[in-house]
> 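Take a look at the following structure, please.
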Amino acid sequence: ALPTIYAITPTYSRPVQKAELTRLANTFRQVSRLHWILVEDAAARSELVTRFVAGAGLPCTHLHVPTPRRYKRPGLPRATEQRNAGLAWLRQRHQHLPPPQPGVLFFADDDNTYSLELFQEMRTTRKVSVWPVGLVGGRRCERPVVENGKVVGWYTGWRADRPFAIDMAGFAVSLQVILSHPKAVFKRRGSQPGMQESDFLKQITTVEELEPKANNCTKVLVWHTRTEKVNLANEPKYHLDTVNIEV
Ligand code: UDP
Ligand code: MN
């Protein structure tokens, strides 16, 4: 059978949230055997996301975990707890399913842009696969440098000393690897800005072992797009509209 792709998406409430999730679902709906693990950064599941998931038209698991307030500061990594909640769910779901169904996990932030070809590429991940990411690291793209089919370095404009100089959107991991490294998680303690990916990948693989995708990492199939903050300067202070409308 085609391996299932598990996409872990941390998401949080803000004016553009439903627009981001709509765009993401429109992409994911076109991918066969994709299971969406949507993890709200919140103390409880919100009504907006609950309704959205019900109508999304794809297999979806809706989780939530709040980021402790002390970690909601500029310069600190985002969505650590949410990605770990997704990992925990995945491990728990498969601990009683011998032998594990073939699967591939990747981390899909809610604001990035994903081509459909990306899913074809990651679907064949044996252990850990990597590919370029567009619009990130202060460059047009960041990418693993490949020689003779092996990753030998990183093309990046930012902190080239990172062991894995790659964005969250630039790799996928087989379910088998996730299950055989039950302690691999994203860390808060001792984690420096921009080191989440490296800290995680270090626990499960080596640079030599990485599988280059996207034509030996020469094609950009995912973009680290970021959505502009919305101008709400003209919102009335009190509720004026005749309907209470969800945006
Ligand atoms: N996110 C979250 N809680 C936050 C901030 C971000 O769950 O307080 C999620 C966000 O929805 C996205 C991911 O974490 O899916 C990465 O956040 P963002 O896109 O803001 O990071 P950047 O683009 O700067 O890497
Ligand atoms: Mn983002």
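All ligand and atom numbering here is 1-based and tracks the order in the structure.
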> What I want to know is whether Asp41 and ligand 1 share at least one N or O pair that is separated by under 3.5 angstrom.
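By distance alone, the answer is yes.
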> What residue and atom, counting heavy atoms only, is the protein's closest point to atom 25 (O) of ligand 1, and at what distance?
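Ranked first by proximity to atom 25 (O) of ligand 1 is His224 NE2, 3.2 Å.
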> Which residue and atom name correspond to the protein heavy atom nearest atom 14 (O) of ligand 1, and how close is it?
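Going by distance alone, atom 14 (O) of ligand 1 is nearest to Ala79 CB, 3.3 Å.
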> Considering only the protein, which heavy-atom contact is closest to atom 22 (P) of ligand 1, and what is its distance?
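Nearest neighbour among protein heavy atoms for atom 22 (P) of ligand 1, to 0.1 Å: Arg78 NH1, 3.5 Å.
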> When Asp109 is tested against each of Arg23, Arg78, Arg83 for salt bridge (charged side-chain N to carboxylate O under 4.0 Å, His left out), which residue passes?
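The passing option is Arg83.
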> Does the pair Leu48 and Glu246 meet the rule for a side-chain contact (heavy atoms from CB on, under 4.5 Å), with working shown?
CA-CA 8 Å; Leu48 185 148; Glu246 183 182 280; 3.7 Å; yes
> At under 4.0 Å between heavy atoms, is it the side chain or the backbone of Glu20 that contacts ligand 1, or both, or neither?
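None of Glu20 does.
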> Starting from atom 8 (O) of ligand 1, which protein heavy atom do you reach first, and at what distance in Å?
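In this structure, atom 8 (O) of ligand 1 has Lys72 NZ, 2.8 Å as its nearest protein heavy atom.
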> Write out the residue and atom name of the closest protein heavy atom to atom 9 (C) of ligand 1, then the distance separating them to 0.1 Å.
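Ranked first by proximity to atom 9 (C) of ligand 1 is Pro10 O, 3.8 Å.
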> Locate the shortest heavy-atom distance separating Ala85 from Val65; write the atom from each residue and the value.
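Residues Ala85 and Val65, closest heavy atoms: CB-CG1, 3.9 Å.
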> At under 4.0 Å between heavy atoms, which part of Asp110 makes contact with ligand 1: side chain, backbone, both or neither?
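Both of them.
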> To the nearest 0.5 Å, what is the distance between CG (Leu38) and CG (Leu24)?
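So the CG of Leu38 and the CG of Leu24 are separated by 8.0 Å.
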> Determine the sole option in Gln17, His64, Glu40 for which the side chain to side chain donor-acceptor pair (under 3.5 Å) test with Thr11 is passed.
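Among the candidates, only Gln17 passes.
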> Tell me which part of Met168 gets within contact of ligand 1: side chain, backbone, both or neither, using heavy atoms under 4.0 Å.
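Met168 to ligand 1: no contact under 4.0 Å from either part.
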> Strictly under 2.8 Å, how many protein N, O or S atoms lie near the Mn ion (ligand 2)? Waters don't count.
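Atoms of protein N, O or S type lying less than 2.8 Å from the Mn ion (ligand 2) total 2.
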> For Gln17, state whether at least one heavy atom is located under 4.0 Å from any atom of ligand 1.
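False for this residue.
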> Tell me: protein heavy atom nearest atom 1 (N) of ligand 1, and distance?
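Here the closest protein heavy atom is Tyr12 CD2, 3.4 Å.
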> Please identify which atoms of ligand 1 are closer than 4.0 Å to at least one heavy atom of Thr11.
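Listed by number with element, the hits are 7 (O), 11 (O).
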> Restricting to pairs with a member in residues 175-221, which pass ring-ring contact (aromatic ring centres under 6.0 Å, His included), not counting sequence neighbours?
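Qualifying pairs, neighbours excluded: Phe107-Phe186, Phe107-Phe200, Phe186-Phe200.
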> Show which atoms of ligand 1 fall inside a sub-4.0 Å distance from at least one heavy-atom site of Asp111.
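Under 4.0 Å from Asp111, ligand 1 has these atoms: 19 (O), 23 (O).
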> Is it true that Arg14 and Asp111 make a salt bridge, defined as a side-chain N closer than 4.0 Å to a carboxylate O?
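No, Arg14 and Asp111 are not salt-bridged.
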> Might you work through the side-chain contact (heavy atoms from CB on, under 4.5 Å) test for Thr67 and Arg188, ending with a clear yes or no?
CA-CA 11 Å; Thr67 302; Arg188 280 287 180 192; 3.7 Å; yes
> Among Val104, Val31, Thr4, which one satisfies side chain to side chain contact (heavy atoms under 4.5 Å, CB included) with Arg123?
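Only one option passes, and that is Val31.
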> Between Lys219 and Glu121, is the closest basic N to carboxylate O distance under 4.0 Å?
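No salt bridge links Glu121 with Lys219.
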> Is the closest side-chain heavy-atom distance between Thr125 and Val173 below 4.5 Å?
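They are not in contact (no side-chain heavy atoms under 4.5 Å apart), so the answer is no.
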> I'd like to know if Asp41 and Lys72 make a salt bridge, using a cut-off of under 4.0 Å between side-chain N and carboxylate O.
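A salt bridge links Asp41 with Lys72.
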> So which heavy atom in the protein is nearest atom 16 (C) of ligand 1, and how far is it from that ligand atom?
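Here the nearest protein heavy atom works out to Asp109 OD2, 3.3 Å.
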